[in-house]
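First the structure, in the form of structure tokens, and then the observations on it.
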Amino acid sequence: MVNDISTLLLDYLKLYNSRTQQLILGAGAKITAGLTNTNTKHLALASQSLSFFIALIPYVRECVRRRLSITGSGMAEYDREMNKIKWDDKDEVQRNVSPHIETLTNEALTLQRVLSKYMPALNVSMIVGQVFTSYKEQWSKAFEVAAIRTEAGKARLLLDVELLESKLSKIDGGEELGAHIINTVKAK
């Protein structure tokens with residue numbers, strides 16, 4: 001529901017921007033409203049309505065932030081899944097990568113892609129940076145406490161980390177996250 005509301009608010013902002021630009025800057029008000037000219041009163045009204053949307057922006061950001069905290073609670077679920085894995089087990093060693101790591105990296109890529117469509121690059125990098133900071137803290141801890149007793153188990157764990165690094169390195173700030181976690185696993 002939060003996602004739908006955020007999307008609708010962004011759509012309204014885009015619509016408002018295009019209509020205001022068309023009416024005021026493009027002199028469309030002369031055609032559509034039958035005005036002979038655009039005066040300061042019209043500009044003041046446009047400015048007032050713009051103030052309304054400017055007041056909405058912090059609430060939209062808060063919605064996104066809350067959505068990210070919900071995503072962070074999903075991280076706890078992935079941590080529990082990771083703790084269940086027996087990295088040295090013969091079946092686990094033969095597996096390519098963990099499904100939860102694939103899902104989590106795909107979710108991070110989707111988040112970045114969707115935000116990039118609707119938000120300025122600076123805001124996207126700020127939000128994704130916060131996500132990566134959270135990932136760095138939580139994944140570092142999870143990979144540090146992973147119970148590994150054999151080199152095969154360590155190699156298997158490294159596969160997960162390399163997948164994470166290869167996918168997230170496509171996003172600004174992802175290279176640092178991947179390198180940090182790879183170093184964490186190699187230090188085990």
Side-chain angles (χ1 to χ4, degrees), residues 2-4 6-7 9-11 13-14 57 60-188:
V2 171
N3 206 15
D4 294 337
S6 298
T7 303
L9 279 173
L10 288 171
D11 288 342
L13 285 170
K14 286 181 181 180
I57 289 174
V60 172
R61 277 195 182 142
E62 181 64 17
C63 286
V64 170
R65 190 191 65 73
R66 285 186 181 171
R67 176 73 178 138
L68 291 176
S69 69
I70 292 167
T71 304
S73 67
M75 283 285 297
E77 181 182 325
Y78 289 119
D79 285 348
R80 285 190 297 278
E81 287 293 318
M82 195 167 160
N83 289 335
K84 292 178 186 176
I85 297 174
K86 298 187 181 351
W87 298 100
D88 300 308
D89 190 39
K90 188 181 279 188
D91 293 334
E92 190 60 42
V93 168
Q94 293 174 353
R95 180 182 285 186
N96 284 337
V97 291
S98 302
H100 70 278
I101 289 292
E102 274 188 293
T103 303
L104 201 55
T105 54
N106 287 336
E107 286 177 357
L109 290 170
T110 301
L111 175 68
Q112 192 272 339
R113 186 180 65 246
V114 170
L115 289 178
S116 294
K117 284 182 184 178
Y118 301 107
M119 298 179 85
L122 181 63
N123 289 356
V124 172
S125 67
M126 200 169 64
I127 291 169
V128 171
Q130 291 174 351
V131 170
F132 283 166
T133 300
S134 173
Y135 281 6
K136 188 175 182 179
E137 291 170 9
Q138 292 180 350
W139 283 351
S140 293
K141 291 175 189 173
F143 283 112
E144 282 175 8
V145 299
I148 298 174
R149 292 178 293 283
T150 65
E151 283 299 316
K154 183 176 181 178
R156 170 61 188 81
L157 182 60
L158 203 53
L159 280 175
D160 276 5
V161 175
E162 288 169 347
L163 170 79
L164 183 143
E165 194 269 337
S166 70
K167 285 194 173 189
L168 295 185
S169 66
K170 298 172 186 173
I171 304 173
D172 284 342
E175 309 89 16
E176 180 187 333
L177 171 65
H180 174 76
I181 294 178
I182 284 176
N183 291 336
T184 301
V185 172
K186 287 183 176 179
K188 284 185 86 63

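The structure presented is a predicted model; accordingly, all values stated were derived computationally and were not measured.
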- Message: Which residue in the set Lys136, Glu175, Glu165 passes side-chain contact (heavy atoms from CB on, under 4.5 Å) when paired with His180?
- Response: Lys136
- Query: So do Leu104 and Trp139 actually touch side chain to side chain, heavy atoms under 4.5 Å?
  - Reply: yes
- With side chains defined as the heavy atoms from C-beta onward, is the minimum distance between Leu177 and Ile181 less than 4.5 Å? yes
- Query: What are the two closest heavy atoms between Val161 and Gly178, and how far apart are they?
  - Reply: CG1-O, 4.5 Å
- Shortest non-hydrogen contact from Asn96 toward Leu159: O-CD1, 3.2 Å
- What are the two closest non-hydrogen atoms of Leu168 and Thr105, and how far apart are they? CD2-O, 4.1 Å
- Over 12 foreign heavy atoms within 6.0 Å of NZ, Lys14: yes
- Item | Under 3.5 Å side-chain donor-acceptor pair for Thr103 and Glu107 | no
- Might you work through the side chain to side chain contact (heavy atoms under 4.5 Å, CB included) test for Tyr135 and Leu164, ending with a clear yes or no? CA-CA 11 Å; Tyr135 281 6; Leu164 183 143; over 6 Å; no
- Item | Criterion side chain to side chain contact (heavy atoms under 4.5 Å, CB included) on Ser125 and Asp172, from CA distance to verdict | CA-CA 7 Å; Ser125 67; Asp172 284 342; 5.6 Å; no
- May I ask you to decide if Lys186's main-chain N or O and Lys154's side chain share a donor-acceptor pair within less than 3.5 Å? yes
- Query: Under the side chain to side chain contact (heavy atoms under 4.5 Å, CB included) criterion, do Lys167 and Asn106 qualify, and how do the steps go?
  - Reply: CA-CA 8 Å; Lys167 285 194 173 189; Asn106 287 336; 2.8 Å; yes
- Query: Is any side-chain heavy atom of Ser134 less than 4.5 Å from a side-chain heavy atom of Gln138?
  - Reply: yes
- Query: Which value, rounded to the nearest 0.5 Å, describes the distance between Arg156 atom CZ and Thr150 atom OG1?
  - Reply: 12.0 Å
- Atom of Ser98, atom of Asp160 and distance for their closest heavy-atom approach: OG-OD2, 2.6 Å
- Task: Rounded to the nearest 0.5 Å, what's the gap from CD on Glu162 to CG on Leu158? Could you check?
- Result: 4.0 Å
- Is a side-chain donor or acceptor of Ser140 paired with a backbone partner of Glu137 at a separation under 3.5 angstrom? no
